[in-house]
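As structure tokens, the structure follows; a few thoughts come after it.
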There are 2 protein chains.
Amino acid sequence: MGIIRKTQSVEVLLNEFQEKSNAISAIELIKRLSSQINKTTVYRVLDKLEDDGVLHSFLDNSGIKWYAKCNDCSKAGHTDMHPHFQCVSCGKVDCLSIEVTIPPIPNREIEVSQILIQGRCESCNVK
Amino acid sequence: MGIIRKTQSVEVLLNEFQEKSNAISAIELIKRLSSQINKTTVYRVLDKLEDDGVLHSFLDNSGIKWYAKCNDCSKAGHTDMHPHFQCVSCGKVDCLSIEVTIPPIPNREIEVSQILIQGRCESCNVK
DNA sequence: ATAATTAATGCAACTGAGTTGCAAATATAG
DNA sequence: CTATATTTGCAACTCAGTTGCATTAATTAT
């Protein structure tokens with residue numbers, strides 16, 4: 001698919017990812033933009049932005065979908081594989097720029113790996 | 001909570017994990033046992049077996065819940081942290097007994113980490 | 001053993017994130 | 001600026017998982 005037209009919805013959504021660099025859940029976006037964009041459209045635009053390598057998505061431990069900006073991805077594929085961190089205290093989720101190496105597994109061909117780390121984030125750790 | 005009574009449902013469910021050692025999705029269990037156990041009960045018993053450290057659970061990439069036998073866990077907590085592998089071809093999921101080390105992250109306290117690896121399993125790799 | 005107590009079960013109805021079909025609206029190409 | 005193709009909104013749906021409550025089955029006490 002991919003983004004074809006620079007529509008209002010696309011602009012509004014992209015804008016949400018401009019400021020802060022942490023991940024945002026689809027649900028949160030739907031809530032935030034409920035007066036401007038329809039829920040279905042939010043899902044559809046997010047989908048396309050992902051196809052286009054602008055955003056990447058992942059599920060948290062309760063199965064809800066999160067989106068965050070991509071750094072080195074393209075339409076060709078999401079190559080930027082990194083772990084995600086979810087704070088068990090405040091719920092904030094962000095991308096970690098650390099490398100986690102998955103050792104090769106006998107007889108299995110690894111395609112992708114999703115790593116979700118849970119713990120207490122910097123701000124919640126102090127309190 | 002924890003398991004208190006050795007009921008029929010508990011026995012039937014535990015039996016499903018006796019034979020093969022790979023993970024089974026809640027949905028699959030509900031289908032398999034539909035004539036013997038009610039869906040609600042399946043969810044509730046799985047929940048308790050997890051609390052008791054008999055089974056552990058995780059979500060796959062489409063957000064559905066899987067359960068597998070624990071090896072070194074107890075009521076005190078699930079200590080046996082290992083990656084899970086889902087075959088993109090046949091859908092089979094199993095526990096990997098490999099170690100994946102998450103490096104310490106500055107200012108963050110890691111509690112748990114979920115690693116889901118996707119690729120082609122041994123049998124699907126041959127074909 | 002049997003009654004009393006407490007936990008587990010089944011059912012039906014619900015929840016909530018995400019999806020689908022389709023007609024109306026809006027971008028882009030010609 | 002019209003024609004064509006893509007997006008959008010809406011309402012209705014899907015489907016895994018949950019909840020409340022009355023019934024049933026285990027366990028404990030008698």
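Proteins get letters first, then strands, A, B, ... in listed order; numbering begins at 1 in each.
Between A:Asp60 atom CG and C:dG18 atom P the separation is 9 Å, expressed in whole Å. As rounded to whole Å, 17 Å separates atom C1' of C:dG18 from atom CZ of A:Phe58. Rounded to an integer number of Å, the gap from CD1 of A:Ile64 to C1' of D:dG17 is 15 Å. Rounded to an integer number of Å, the gap from B:Glu28 CD to D:dG17 P is 13 Å. Here C:dA8 presents its C1' atom at 14 Å from CG of B:Leu46, a figure rounded to the nearest Å. Following rounding to the nearest Å, B:Lys39 (NZ) and C:dG10 (P) show an atom-to-atom distance of 13 Å. Atom CD1 of A:Ile37 and atom C1' of D:dT8 are 10 Å apart (whole Å). The nearest whole Å value for the distance from the CG atom in A:Asn38 to the C1' atom in C:dT20 is 13 Å.
Within a 6.0 Å radius of CD in A:Glu111, more than 12 heavy atoms belonging to other residues, nucleotides or ligands are found. For B:Gln18, the CD atom is densely surrounded, since the number of other residues' heavy atoms within 6.0 Å is greater than 12.
Relative to the side chain of A:Val45, the nucleotides C:dG18, D:dT8, D:dG9 differ in distance, and D:dT8 lies closest. Ranking C:dA12, D:dG17, D:dT8 by closeness to the B:Thr40 side chain, first place goes to C:dA12. Side-chain atoms of B:Arg44 lie closest to D:dG20 of the nucleotides D:dG20, C:dA17, D:dG17.
Map A:Gln36 and B:Ile30 each onto its nearest nucleotide of DNA chain D; the residue landing nearer the 5' end is A:Gln36.
For B:Phe17, the side-chain contact (heavy atoms from CB on, under 4.5 Å) partners two or more places apart in sequence, or in a different chain, are B:Ile24, B:Leu29, B:Leu46, B:Leu55, B:Tyr67, B:Lys69.
If you chain together ILVMFWY residues whose side-chain heavy atoms come under 4.5 Å of each other, B:Ile27 ends up grouped with B:Phe58, B:Ile64, B:Trp66, B:Val93.
Side-chain N/O atoms of A:Gln86 and A:Asn61 include no donor and acceptor closer than 3.5 Å.
Between C:dA7 and B:Lys48, no contact under 4.0 Å exists linking OP1 or OP2 to a side-chain N or O. Listed pair B:Tyr43 / D:dT18 fails the phosphate criterion, with no side-chain N or O lying under 4.0 Å from OP1 or OP2. For A:Thr41, no side-chain nitrogen or oxygen approaches OP1 or OP2 of D:dT7 to under 4.0 Å.
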Checklist outcome for this item: B/S/- along nucleotides 25-30 of chain D (protein heavy atoms under 4.0 Å) is BBS---
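Side-chain N/O atoms of B:Lys65 and base N/O atoms of D:dG17 include no donor-acceptor pair closer than 3.5 Å.
The shortest distance between side-chain heavy atoms of A:Cys90 and A:Ser123 does not fall below 4.5 Å.
Grouping the Ile, Leu, Val, Met, Phe, Trp and Tyr side chains by contacts below 4.5 angstrom, directly or via other members, places A:Val88 apart from A:Phe85.
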